[in-house]
Amino acid sequence: MADGLSEKIGAAPPAGRVSSHRESTEGTFTPSPKELEVHNGEPSRFSLEKADSRVTPPKQATDNDPFKHLGTREANILRNQVYTPDVKIGIPILYRYASRNDLIIMAVGSLCSIASGAALPLMTVIFGNLQGTFQDYFLGKVSYDDFSSQLASLVLYFVYLAIGEFVTVYIATVGFIYTGEHISSKIREHYLESCMKQNIGFFDKLGAGEVTTRITADTNLIQEGISEKVSLTLAAVATFVTAFIIGFITYWKLTLILLSTVVALMLVMGGGSAFIVRYSKSNIAAYAEGGSVAEEVISSVRNAVAFGTQDRLAKQYDVHLIRAEFFGFKVKGAIGVMVAGMMLILYLNYGLAFWMGSRFLVDGEVVLSKVLIVMMAVMIGAFNLGNVAPNVQAFTTALGAAAKIYSTIDRTSPIDPSSDAGGKIEDVKGTIRLEHVKHIYPSRPEVVVMEDVTLTIPAGKTTALVGASGSGKSTIVGLVERFYSPIEGAVYLDDVDISTLNLRWLRQQIALVSQEPTLFSTTIYENIRHGLIGTQWENESPERQEELIYEAAKKANAHDFVTSLPEGYQTNVGERGFLMSGGQKQRIAIARAIVSDPKILLLDEATSALDTKSEGVVQAALEVASAGRTTITIAHRLSTIRDAENIVVMSHGRIVEQGTHDQLLEKRGAYYNLVTAQAIAAVAEMTAEEQEAIDEEEERVLIRKASAAAAAAQNKQYAEDPDDDIAARLDRTATHRSVSSMALASRSKDPTVKHSLWTLIKLIASFNKEEWKLMVIGLFFAAICGCGNPTQAVFFAKLISSLSVPITPLTIPQIQSDASFWCLMYLMLALVMFLSFSVQGVVFAKCSERLIHRVRDRAFRTMLRQDVEFFDRDENSAGALTSFLSTEATHVAGLSGVTLGTLLMVGTTLVSACTVALVLGWKLALVCIATMPIVIGCGFFRFWMLAHYQRRGKRAYASSASYASEAITGIRTVASLTREQDVLQQYKDNLAAQQLASLKSVLKSSILYAASQSFMFLAFALGFWYGGTLIAKREYDMFQFFVVFSSVIFGAQSAGSVFSFAPDMGKAAEASRELKTLFDRKPAIDTWSADGDKIESVEGTIEFRDVHFRYPTRPEQPVLRGLNLSIQPGQYVALVGASGCGKSTTIALLERFYDPLAGGIFIDGKEISSLNVNNYRSFIALVSQEPTLYQGTIRDNILLGAPKDVTDEHIQFACQEANIYDFILSMPDGFNTVVGSKGALLSGGQKQRIAIARALVRDPKILLLDEATSALDSESEHVVQAALDKASKGRTTIAVAHRLSTIQKADIIYVFDQGRIVEQGTHSELMKKNGRYAELVNLQSLEKHS
């Protein structure tokens, strides 16, 4: 697993880095000095053939200083923002936050657990003495009355032991769990507190995800390591020590001899676990590779679907599964043999003890009762030592987890919002000045984001920043908020350097509204109130606060829509505010920003994420809000900033020009171009009213379609016109939801079926069908294993009765021969048990590994069968599905043969024990059988409760963890609102409430645990008391008593403990339920089905007729609204438009990832939904924005495109067409070069060209290019573009492009806007029109020629 994780972590940062600053790296490609040499040396001979053919060597591990290329001072500023010290961790540090009470409770708990451990071996003393009493009575040494009183007092000892055990176990368990929770919640508090102090750069480096994992998973690990495990370990050690002390005091010679069993046990367990650890490492590694294959495939599932490579990829996955099965079998087999070895030693120990004991007995050195005491004490002691190892492991894991956490807790933040250092300005005017600022983000040290920027932002005026993305606009906001420290220069507020001001005070003067507003999971009222934190109104009366909040909401245009909600201001916004629309969230965020009447307002593209309708409303709110304050606005849409007092145009981290709107227009510079382009486009844009009308129209179409589908479903002959039903029309007022839900109603949700346990068992049995012979063998041997205990009881009783004979010279030979015979029978029993435990262990290991392998394989294939819509759902992210494959599949084994074997073993043990007992002595047998449920229950509940404690610990903190992770995910918002103290306080209250609740539950559940530990003794007491009474009346002899007692009580005991070996059946049932649901799911677009017409050849005429589409996961968001397109064979067609206008959706519909809600897509006049989907896709090839390569060689990756076997010439031709052939040959291994995980060893351009070669190998009639060059730098772009131009000759090509320069040669360009086409024509025609397309072109030329 670790390997898989490190790969994921290794692969993730680039994406994370870009997003953490919302500046795309598009505009900021800076070639390294090396590349420049290459080009400057020989600029004339720079040819496309040689371009982008550098091999990127895998990064060396030694190269771990990312700041090397910077000066020392700059490097130190950056390093300071991300550096985290390592903390040396020892046991005292784990308990760093333990209070005095905690230490006292732990001391008492330790004493109790030691006492509880010591009680077990004491039982053996009572047991031995009871046997002695019986023997004396039979030999006539004691009278009936003495016997009864001795019996009574010894039986009472059992009762006292039971009470003592109950009390001590209860105190120890509760004490340790309480302190464990208390200390770990202190650690959680300090951790979150430390996170709230850190600077933003720290989170860019770590990512909120990692912080969240630490606050959930790692603190859980610590809690596990310092809670009940400690008391268990102490008890086990105490048992071991006490047992041997008792043994040595009773009779040291025999104890020394029996010490050999301890050595033997240690050897068996040590040897066994060495194998188990070694093989399970290999097993985990093999599966981790498989898991990363699965993760690669699932995260790029569209690619697999488009190329129809599901089957071949599943085979690749299977290769790893076969290896994992091989090692898994060894692990489980080793466990089986280890258990068998322990049984062998157990029975051999009996034999050895009685044999040596009989020799000492005959020599008159010792009495039988002492032999019994020593024998049982040694056994109890030895087997308890085995309980220590797993708990020690939990402790070391806890130390490891603590190291990570404490390193964050001890980190001192270079920009600490909680400190009180720094000055404050008495009367803030609000003038901001940047002087010679240079900035580099600490997480992207190779990119300079701002170079020498000097800018004055006058008080009380609005200053607007415009420019391409990546030009450094948002960076200014980050510097003014002091999220980062600039590398050179300084930022001044009223002529005071802000780095000398108190940070919290500074942030209270500033309000920030960002592009993606972060709301917290609480009510609207509370969300707005967050804006008052740290201001003079924070502690005002609630009435005054309410006034301010309503006032702010009115200003932000939010009051009306909030009051119209059913719960008004008390409406909960849901986690990250997902229950509100974008515009609503944005207005609440604005209200929150202005409620405290800040001096400075920062608006970071506050309207860019909204649609036209909400934008107008929010814009109006912003204009009201910014009146009379220093406002910095960042805008994409220029119409929103015309009235700004100063407009600053930025590009590549520098200021290009600044002035008012009119001054800049006169200059006719960069700004002028932008404005003219956008102005023309504005003419083509719809007004809000037109928009309304079109939406209405679309709704009508969709409703008609939905009702037609519904009618068809009810087998009606006609569809009712929804317009007839006036009531229905009144129902669907402005809520878009009802409409789209109607459109999607015809696509029913996956029905949830409750599966019975029997169905699940049948499902799992079907996977093990082939192994039924093995299963039968396994079950047969399991039954034999079950008979071991009662047999053992007979031997035990025979030995006791033959050794109880009075010792005289006449009886000695008989005693010796009896003893030898029964001890040899023990030897035989030991060997039989060893054999049968080994056989059933190995057989079931084989079956269950087979099962896991088949389940994983089938589950993976079934996942790949699903349509793309399945993977769009949140719950089916690549991570979730991969972890489903790795964990759920293993859980399923809990319902397989192993469990059956276990149950059979328990069953035979109980049945045979009862039979033997009833035959030999029914009276005592009935009394003992009555205690059976209690004894078995004790064994079962012990394991169950321990598992329950672990589960509870994880569950209890889930809600507070999600609260903490919400705060950390929105750390910028928390910081800009100075909400740190508030978040911490809430988290503390949250934890305290959870601690109280969990303390209550522990107080209850520990009763059950303590009972399970102590009731054993009561069962013994009852058995001995009743048995003794029967013996006193001479109804039973000693043989009968011991057979009955030991077969029933010890049988029940072993039956109870078997449960510890059985995998968790509850989890298994749950997992198989989920699997059944997955296997039963039939996708709408099913790649396994053979239905649909097959077509022999394709001309390439494509037509979209009035296509409406919404993504099934976002039904409220219309994507295509009546799209009409026609494409002639062999044409090169380009689709352009702003992002989110439906270009890529068009490509997805053409690949038939989805079916449109209304309308149809036709190819050569046939509707594609009527064709066989695999056959249809074989004529199409897709090259997407992010080229997906899988682990393996270049050749393997190219072959994935081929629907059938292809010749080497074919591959070679495809590679030449894709401009990659020479590069492949230049590699030492040529086509057998390994590309690494997700193609990590190749550059972007190289990967993209291999992807093109893969597309061309199919010789497709239709080539789809989805922004194939957008992720590349300019050098690679030329090369890839040349390859694409070559590739598109002679086939129908549809290209989606962001960079318009790449599609100027297209035969026809379609311009999309909001899901329909607004302009079409060639490049020159559209430029003449001077409309939407021209605007897009001008916008981009500004990015280029800045």
Side-chain angles (χ1 to χ4, degrees), residues 13 17-18 20-21 23 25 27-36 59-60 62-86 194 197-206 407-408 410-419 421-423 432-457 470-503 506-507 650-655 972 975:
R17 280 188 203 150
V18 177
S20 60
H21 309 294
E23 315 245 341
T25 42
T28 49
F29 167 67
T30 34
S32 65
K34 241 206 210 101
E35 287 166 42
L36 290 174
K59 295 218 170 38
Q60 293 302 316
T62 48
D63 226 26
N64 53 8
D65 182 13
F67 306 118
K68 268 204 316 228
H69 58 286
L70 303 169
T72 350
R73 199 184 65 81
E74 300 185 349
N76 283 342
I77 292 179
L78 289 181
R79 195 173 290 121
N80 210 359
Q81 296 187 51
V82 289
Y83 172 71
T84 307
D86 280 337
S194 169
K197 282 186 191 158
Q198 302 309 332
N199 52 316
I200 304 292
F202 172 76
F203 293 100
D204 293 342
K205 191 94 166 69
L206 261 191
S407 68
T408 305
D410 294 342
R411 179 178 193 263
T412 45
S413 165
I415 307 177
D416 181 356
S418 67
S419 83
I432 300 173
R433 198 170 81 247
L434 283 77
E435 284 201 358
H436 303 296
V437 170
K438 174 180 180 189
H439 184 62
I440 297 177
Y441 282 116
S443 56
R444 286 191 295 170
E446 63 286 350
V447 183
V448 179
V449 196
M450 284 174 79
E451 275 273 21
D452 192 29
V453 170
T454 304
L455 172 65
T456 306
I457 295 164
S471 58
K473 312 183 296 286
S474 299
T475 309
I476 292 187
V477 169
L479 292 174
V480 171
E481 276 272 14
R482 234 188 120 205
F483 286 155
Y484 304 94
S485 306
I487 285 192
E488 281 169 21
V491 182
Y492 296 95
L493 170 62
D494 293 354
D495 297 326
V496 182
D497 183 345
I498 62 168
S499 60
T500 62
L501 293 170
N502 175 282
L503 184 60
L506 170 73
R507 287 185 181 158
M650 295 189 71
S651 173
H652 295 314
R654 298 168 186 273
I655 293 177
R972 287 161 183 257

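To the nearest 0.5 Å, the span separating CD1 on Ile655 from CG on Leu455 amounts to 4.5 Å. To the nearest 0.5 Å, atoms NZ (Lys438) and CD1 (Ile77) are separated by 10.0 Å. Here the CD1 atom belonging to Ile415 is positioned 13.0 Å from the CZ atom belonging to Phe202, to the nearest 0.5 angstrom. Atom CG of Asp416 and atom CD of Gln198 lie 7.5 Å apart (nearest 0.5 Å). Separation of atoms CZ (Phe483) and OH (Tyr441) is listed at 10.0 Å; rounding is to 0.5 Å. With rounding to the nearest 0.5 Å, the separation of CZ in Arg79 from OG1 in Thr72 is 9.5 Å.
Residues Glu74 and Glu488 are in side-chain contact: their nearest non-hydrogen atoms beyond the backbone lie under 4.5 Å apart. Inter-residue side-chain proximity for Ile432 and Asp494 is flagged as unmet; no heavy-atom pair is nearer than 4.5 Å. Counting only heavy atoms from C-beta outward, the side chains of Ile487 and Met450 never approach each other to under 4.5 Å.
Under the side chain to side chain contact (heavy atoms under 4.5 Å, CB included) criterion, Asp497 pairs with Ala490, Tyr492, Ser499, Thr500, sequence neighbours left out. In terms of the salt bridge (charged side-chain N to carboxylate O under 4.0 Å, His left out) criterion, Asp86 has no residue partners (sequence neighbours excluded). For Asp452, the salt bridge (charged side-chain N to carboxylate O under 4.0 Å, His left out) criterion is met by no residue, not counting sequence neighbours.
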Trace of the side-chain contact (heavy atoms from CB on, under 4.5 Å) decision for His439 with Val448: CA-CA 6 Å; His439 184 62; Val448 179; over 6 Å; no
Full working for side-chain contact (heavy atoms from CB on, under 4.5 Å) between Leu434 and Thr454: CA-CA 5 Å; Leu434 283 77; Thr454 304; over 6 Å; no
Criterion side chain to side chain donor-acceptor pair (under 3.5 Å) on Asp204 and Tyr484, from CA distance to verdict: CA-CA 11 Å; Asp204 293 342; Tyr484 304 94; 2.5 Å; yes
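Nearest heavy atoms, Pro486 versus Val437: CB-CG1, 3.8 Å. Between Ser485 and Gln81 the shortest heavy-atom distance is O-NE2, 3.5 Å. The heavy-atom pair separating Ile200 from Ala975 by the smallest distance is CD1-CB, 4.4 Å. Minimum interatomic distance between Leu506 and Val480 (heavy atoms only, all atoms of both residues): CD2-O, 4.0 Å. The heavy-atom pair separating Pro442 from Val82 by the smallest distance is CB-CG1, 3.7 Å.
Ser194 places a side-chain N or O within donor-acceptor distance of the main-chain N or O of Thr408, the cut-off being under 3.5 Å. When atom types are taken as modelled, the side chain of Asn199 and the backbone of Pro414 share no donor-acceptor pair closer than 3.5 angstrom. Judged by distance alone, the side chain of Thr456 and the main-chain N or O of Arg433 form no donor-acceptor pair under 3.5 Å.
Between Arg972 and Glu481 there is no salt bridge, since no side-chain N of the basic residue sits under 4.0 Å from a carboxylate O of the acidic one.
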